[in-house]
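For reference, the structure discussed in these notes is given below.
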Amino acid sequence: MTLPSKPSPHELGVAGVVRSTWERVLGRPVEWGDDFFDLGGDSLTALTVAVDIAQATGLVVPTGWLYRHPRIADAVRALLRSPAASISAPIPLPRQGRHPVSFQQEGLLAVMRHIGGEHRYQVAYAVALDARVDVGRLRAAAERMPDRHPALATRLVRCGDALVQDVHTVLPPLLEDVVAGGAPVDEVMDRWASAAIVLDGPLARTGLVQGAGERRFVLAAHQMVMDPWSWGLLLRDLAVLYAEPDARDAPRLSYSDYARWQHTHLTGQTYARHLDFWQQAADGSPAGGVGLPGAPSGIAPAGPAARLPLQVPGEVVAELEERSRVMGASLFEALLALFQLAVGRWAGTDDVLVASATASRTAPGTEDVAGFFVNGRFTRTRITAGTTADLVEQVKHSWRAAEEHRELHLEKTLFDLGRPDMANVKFSLNTIPGLVHLPALGGRKLRTVPVTGAASARRHVSVGLTRVEGGLAGALTYRTDLLTQDAVADLISDLDQLLRAFAADPDQPIALAHR
């Protein structure tokens, strides 16, 4: 790397922080000529790196920094050239009281009005507790959590013609005791977690499910106030308060500060510029989304759902990562491209638009705040003659071109475009930084426990994969009122074949099978 002829201690320090952060997040040594995505980086690890470097150096890390400067030497030079003045940061204000809803919440409210009926937007997470955990200490720690993360003590109330966030941290939700009795603990846990959460009541609750020598710490929340990243933060802080009941290092910001920041930072010409980008990307795409094989007409915006498991073996993942690295693409970009090809072949179309979830904690200070931050975006791909490597290159370019427009929430964008049902297919690769290294309680590391999800879905087809030891694992969720299990199994089979074929030879010609 070439630094100024006489680099200052600050410049040398920034270079060292960038390199050590890359090595820690990516889990491998880094040389000055290395490319972040060649080393296995993706959108979530890029966000983790940006947040950690901003915290360590005090510098503003611009949106899309690693996408524009993926090589470490170039990335350091870009940071050293960035102006001291930054984009505006959220300002901490009193937490209790009424605050505007965020754009994410606004988009979700629009979806709820659009869907109606019994469809629920709830999330639930759980960890298994070791027998040595002191329940009294755990209860005391849980009851302090809403003070650190006011999203847990939020409800939505009407103020004039609009709904607003209403926060009362002086009334924290208690850790409810749930006794399984003779029923299986997991069954009781699922039933407790699925009980309805209403907007004008507490939007989050915690429970301690006990039975037959097993214990689960469970969080159930409305999506309005919770995302997977937040679950990792809550577990981390729960462990801190369990070990140190008098700990005072609460996050500086709350979710309401972020919502106010959005209403000042993403308005007027700034919002119009972002929306125009997505308008151009959507132009000409079917308003109802990808036409699925055998799906009836007059499709409802949500319906009953089922899941089929998905797994990608470790040896295939390793080959996919190597093929992606040689091309300068991330594993996610390769997976997204191959999924779009599988969907196109399955649905018989060469115009495939797929939504993906993205973390959205780019505003300074939000990395430690619990709330509903997840955004989403769509990637539209025209599948043409060429090789699968060509397709991955096209998707890589589309994904990175959209990076600076990631601040807009997918659902709000779709409604603002007048196309609420356009993104009916979704693909996400979930790598939640806070869950990679779980904390310990009672001397034993926490272990996550799956909680049964809701039995309805908005997307017609949605794939979610997560890194696990030995590869990738997840599920394909599909609307049972639109698709048969056999039809969905065909999609899974084709995706598996495409992943293995790309791992073996990315230069194979594309074959688009039209129905």
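Only heavy atoms go into these numbers, but all of them, side chains included; no hydrogens, no water, no symmetry mates. The structure presented is a predicted model; accordingly, all values stated were derived computationally and were not measured.
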- Steps toward side-chain contact (heavy atoms from CB on, under 4.5 Å) verdict (V425, F339): CA-CA 10 Å; V425 178; F339 177 70; 3.6 Å; yes
- Item | Verdict with reasoning, H114 to D421, per side chain to side chain donor-acceptor pair (under 3.5 Å) | CA-CA 10 Å; H114 182 58; D421 302 313; 3.1 Å; yes
- Query: Could you walk me through whether R479 and N424 pass the side-chain contact (heavy atoms from CB on, under 4.5 Å) check?
  - Reply: CA-CA 10 Å; R479 292 267 299 270; N424 66 327; over 6 Å; no
- Could you check Q508 against T388 for side chain to side chain donor-acceptor pair (under 3.5 Å), going step by step and ending with a plain yes or no? CA-CA 6 Å; Q508 293 186 29; T388 48; over 6 Å; no
- Message: Between V218 and R205, does the side-chain contact (heavy atoms from CB on, under 4.5 Å) criterion hold? Intermediate values first, please.
- Response: CA-CA 8 Å; V218 191; R205 51 194 168 87; over 6 Å; no
- Message: Pair T154, Y255 - check side-chain contact (heavy atoms from CB on, under 4.5 Å), show working.
- Response: CA-CA 10 Å; T154 298; Y255 189 68; over 6 Å; no
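Partners of R158 according to the salt bridge (charged side-chain N to carboxylate O under 4.0 Å, His left out) rule, which considers only residues two or more places apart in sequence or in another chain, do not exist here. Legend: residues meeting side-chain hydrogen bond (donor to acceptor under 3.5 Å, both in side chains) with R459, ordered by chain and number and at least two apart, are E411. R323 pairs by the side-chain contact (heavy atoms from CB on, under 4.5 Å) definition with E319, F502, P506, not counting sequence neighbours. Residues satisfying the side-chain contact (heavy atoms from CB on, under 4.5 Å) criterion with Q497, sequence neighbours excluded, are S493, D494. For Q104, the side-chain hydrogen bond (donor to acceptor under 3.5 Å, both in side chains) test picks out Y258, Q262, N375, with sequence neighbours left out.
We find the CD-CD distance between Q105 and Q223 to be 10.5 Å, quoted to the nearest 0.5 Å. Rounded to the nearest 0.5 Å, atoms OG1 (T264) and CD1 (I91) are 7.5 Å apart. For the atom pair OG (S456) and CG (D481), the distance works out to 10.0 Å, reported to the nearest 0.5 Å. Here the CG-CG distance, from L472 to L320, works out to 8.0 Å after rounding to the nearest 0.5 Å. Here the OG-CG distance, from S324 to L331, works out to 5.5 Å after rounding to the nearest 0.5 Å. Note that the CH2 atom of W278 and the CG atom of L408 stand 8.0 Å from one another [nearest 0.5 Å].
The nearest pair of heavy atoms linking D507 to A389 is OD1-CB, 3.8 Å. The shortest non-hydrogen separation linking H222 to L199 is NE2-CD2, 3.6 Å. Taking every heavy atom of both residues into account, F37 and G328 meet most closely at CB-O, 4.4 Å. Contact detail for I492 and P309: the closest heavy-atom pair is CD1-O, 4.3 Å. Summarising the geometry of A329 relative to R400, their closest heavy-atom pair is CA-NH2, 3.8 Å, with the distance given to 0.1 Å. Considering all non-hydrogen atoms of both residues, L414 and A423 come closest at CD1-CB, 4.0 Å.
Few gaps surround CG on L308; more than 12 heavy atoms of other groups in view lie less than 6.0 Å from it. Atom NE2 of H397 has 12 or fewer neighbouring heavy atoms from other residues, nucleotides or ligands inside a 6.0 Å radius. Within 6.0 Å of CD in E187 there are more than 12 heavy atoms belonging to other residues, nucleotides or ligands.
Taking the charged nitrogens against the carboxylate oxygens, D351 and R380 do have a contact shorter than 4.0 Å, which makes a salt bridge. Salt bridge annotation for E321-R325: absent, with no cationic side-chain nitrogen under 4.0 angstrom from a carboxylate oxygen. With respect to the salt-bridge test (charged N to carboxylate O, under 4.0 angstrom), the residues R68 and D74 do not qualify. Ionic pairing of E106 and K412 is present here: one or more N-O contacts between side-chain nitrogen and carboxylate oxygen are shorter than 4.0 angstrom. Checked for salt-bridge contact, D505 and R500 miss the test: no charged N lies under 4.0 Å from a carboxylate O.
With hydrogens and angles disregarded, a donor-acceptor distance shorter than 3.5 Å links the side chain of W65 to the backbone of A75. The main-chain N or O of L476 is never found under 3.5 Å from a side-chain atom of R307 such that the two would form a donor-acceptor pair. Between the side chain of S194 and the main chain of R191, a donor-acceptor pair closer than 3.5 Å is present. The backbone N or O of P304 lies less than 3.5 Å from a partner atom in the side chain of T480, making a donor-acceptor pair. Checked by atom type and distance alone, the side chain of T366 never pairs as donor or acceptor with a backbone atom of V369 at under 3.5 Å. Between the side chain of E333 and the main chain of S330, a donor-acceptor pair closer than 3.5 Å is present. Of the possible donor and acceptor atoms, none in the side chain of H460 sits under 3.5 Å from a partner among the backbone N and O of G291. The backbone N or O of V167 lies less than 3.5 Å from no partner atom in the side chain of Q96, so there is not a single donor-acceptor pair. With hydrogens and angles ignored, the 3.5 Å screen pairs no side-chain donor or acceptor of Q394 with any backbone N or O of V392. With E407 contributing its side chain and L266 its backbone, the two residues share no donor-acceptor pair below 3.5 Å.
Listed by first and then second residue, the salt bridge (Lys or Arg N to Asp or Glu O under 4.0 Å) pairs involving residues 259-283 are D257-R260, R273-E404 (not counting sequence neighbours).
Aromatic ring centres of F36 and H69: separated by at least 6.0 Å. Taking the six-membered ring wherever Trp is involved, the centroid distance between the rings of F372 and H409 falls below 6.0 Å.
Side chains of L275 and Q279 form no contact here, defined as non-hydrogen atoms less than 4.5 Å apart. Side-chain atoms of M224 and M112, non-hydrogen and from C-beta on, do get closer than 4.5 Å to each other. Between Q340 and L353, the closest side-chain pair of non-hydrogen atoms is not below 4.5 Å. The shortest side-chain heavy-atom distance between P296 and L482 falls under the 4.5 Å cut-off. Residues F415 and V111 have side chains in contact (heavy-atom distance under 4.5 Å, counting atoms from C-beta outward).
Partner of L219 under the side chain to side chain contact (heavy atoms under 4.5 Å, CB included) criterion, chosen from L152, V127, V451, V123: L152. Checking each of L495, V461, V463 against F427 for a side chain to side chain contact (heavy atoms under 4.5 Å, CB included) leaves exactly one that passes, namely V463.
In this structure, R377 forms a cation-pi arrangement with W399, its terminal cationic atom sitting closer than 6.0 Å to the ring centre and no more than 45° off the ring axis.
For the residue pair T413 / D416, no side-chain donor-acceptor distance below 3.5 Å is found, with atom types taken as modelled.
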